[in-house]
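Quick note: numbers below take in every heavy atom, side chains included, and nothing from hydrogens, waters or symmetry partners. When a ligand or atom number is given, it counts from 1 through the structure's own listing order.
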Amino acid sequence: MEVNIFVETTFDDGETKKRNIGRLRRAPDEFGSESLGLLLNDAKTLLRRLQETIVQDQVGEAMEARRKCDGCGKQRAIHDDRGRILDTLFGRIRVKWPRLRRCLCQPAGVAKSGPQSPLAGLFSDRATAELRRLQAELGARHSFREAARLIEMFMPCSAQLNTTVRNRLGRIADELGRENVSQGDADTIAPPSPLTVFLDGAHIRCRPEYQKRHLDVVVGKVESPNMSRRFGLVQQAAGSPAKQLRHDLIAQGWDGQSKVTVISDGEPALPNLVRRAVRGPVTHILDWWHISMRVKHIENAVRGLLQSKGFSGLPLLFERPADTLRWHLWHGKVMTAATILKVLQIDCDRLHAETRELREAAKRVKARCQDLYSYLANNFDALVDYGHRHRNGLAVSSSRAEGCVDDIGNTRMGKRRRMRWSPRGAQRVAVTRAAVLDRRLGVSKRAA
Ligand SMILES: [Zn+2]
């Protein structure tokens, strides 16, 4: 059989145009799984032709409509028609893109200002918004090369270069940075409410020419009672990291006044970044998860010690030190926890460690205890009654930021990917990836 595919366009002025855009042949004796219905290549060819037809008609009609002078209603003269290439998801299309002369009815100053294209400024990057968003989204999810390959595999668009994907993502990232969130807008979207900022950092490899081994990616989440927003930034590249973070806070409904709580690990640079963004004091809480991990390390070291050959005598504290420590820290009894840590270390010294194995194991316990002790001492001001917060439904852990480290940092840019980044390139991917994960880019929105 033979299938003919026609497109019929009816313009707003009533004129109709009909064209054949393709023909498929399916012979009865070739019937099988390799020839059933539309195949990807057929579909791509048809889509490309369909797009070409629709775009040409649409541009033609839009241009005609804009030829009329706003002042006197006469047709304006065409100055020149260089044509223009437009990239769409369904193919690269050369369209007529004439420039029109100014009408003589306009004041002399305007009339002499030269020809003007009525469609100017509608297509940044000479591409449709949809194609740009898809390139940015895939570029944020996969390597640029892989993104280019994926788009080309399914779409009849023009040949994709990894550099094009990279550049498009870059421009989208820059646009996201300029995204218009004024404080006035924020007020109408969500009532101002206290915000919690979860922060964490990741390291990614830096390209050799920047004389650094690593770049620091700051990732996190801004949460208000019913919304959350991810962010990512590279300290070395963001023009002003604090300003970018302030932008994210405002986008999340922050009114510039209400209380901001920061939950992060002991790295002082992170809460300081938020302080600069807020331009005032913030409440910093040491992340419970990071404390709990250090307690876990002690627990493992103590277990190692108990199982060592020749271990005798069981000072009371060695029985369940981790549970005891956790309980006190959870309830904000820091001094008691600190005392327990000191006593544990003294107990380790008093052990009759006859074998080398035992000595090593005791040394490990001591080191882990000292670790946690210094950690607590360095962050004393950021320790709270976690149990009390938790019972009141408040967050105690930046485990949500941990998720962001993986989502924004590691999955796309982590050390295992064996990629090296420039500060600016990493910044752009981090910003776009955060937007993609929040579904702020709007690629998948319309499908719903
Ligand atoms: Zn006119």
Side-chain angles (χ1 to χ4, degrees), residues 5-22 46-136 155-158 164 167-168 170-185 188-189 440-443 445-446:
I5 296 122
F6 294 92
V7 180
E8 190 180 284
T9 314
T10 308
F11 293 95
D12 274 16
D13 63 4
E15 191 200 330
T16 300
K17 235 176 169 178
K18 186 174 171 181
R19 280 135 301 169
N20 183 332
I21 59 161
L46 278 174
L47 267 177
R48 191 186 305 120
R49 291 187 195 151
L50 180 61
Q51 177 78 324
E52 160 99 38
T53 313
I54 297 175
V55 168
Q56 296 292 10
D57 288 352
Q58 208 185 345
V59 171
E61 194 182 42
M63 191 63 80
E64 236 7 81
R66 282 163 179 75
R67 265 188 78 177
K68 242 186 217 146
C69 168
D70 290 337
C72 64
K74 276 191 201 152
Q75 293 267 51
R76 291 189 279 166
I78 290 177
H79 179 78
D80 59 4
D81 184 2
R82 292 184 198 150
R84 189 160 172 182
I85 305 275
L86 271 186
D87 261 330
T88 79
L89 197 43
F90 307 105
R92 173 172 287 184
I93 297 158
R94 175 172 271 283
V95 290
K96 288 191 164 184
W97 204 263
R99 289 195 296 168
L100 303 179
R101 297 222 171 105
R102 308 279 175 167
C103 185
L104 291 170
C105 77
Q106 299 289 311
V110 179
K112 282 189 185 140
S113 60
Q116 160 221 34
S117 166
L119 304 179
L122 291 180
F123 294 88
S124 47
D125 257 357
R126 306 198 165 204
T128 53
E130 190 185 30
L131 175 64
R132 299 175 72 229
R133 282 197 300 263
L134 190 82
Q135 285 170 322
M155 290 298 166
C157 52
S158 62
T164 315
N167 295 340
R168 290 262 159 82
R171 268 169 240 141
I172 293 269
D174 297 346
E175 285 168 24
L176 282 168
R178 289 192 298 267
E179 199 185 21
N180 199 13
V181 250
S182 66
Q183 297 197 9
D185 281 354
T188 58
I189 298 166
R440 272 185 277 129
L441 218 53
V443 174
K445 233 182 242 168
R446 296 183 88 181

The criterion is side-chain contact (heavy atoms from CB on, under 4.5 Å); which residues satisfy it with Cys69, sequence neighbours excluded? Cys72, Arg76, Cys103, Cys105, Gln106
Inside 2.8 Å of the Zn ion (ligand 1) but strictly below it, how many protein N/O/S atoms are present? 4
Residue pairs passing the salt bridge (Lys or Arg N to Asp or Glu O under 4.0 Å) test with at least one member in residues 5-19, sequence neighbours excluded, are Lys17-Asp57, Arg19-Asp57
Could you check if a side-chain atom of Ile78 sits within less than 4.5 angstrom of a side-chain atom of Arg67, using non-hydrogen atoms only? yes
So, using side-chain contact (heavy atoms from CB on, under 4.5 Å) as the criterion, who are the partners of Arg132 when residues are at least two apart? Ser124, Asp125, Ala127, Arg168, Arg171, Ile172, Glu175
More than 12 heavy atoms from other groups under 6.0 Å of CD on Gln75: yes
Interatomic distance, CD@Gln56 vs CD@Gln51, rounded to 0.5 Å, equals 10.5 Å
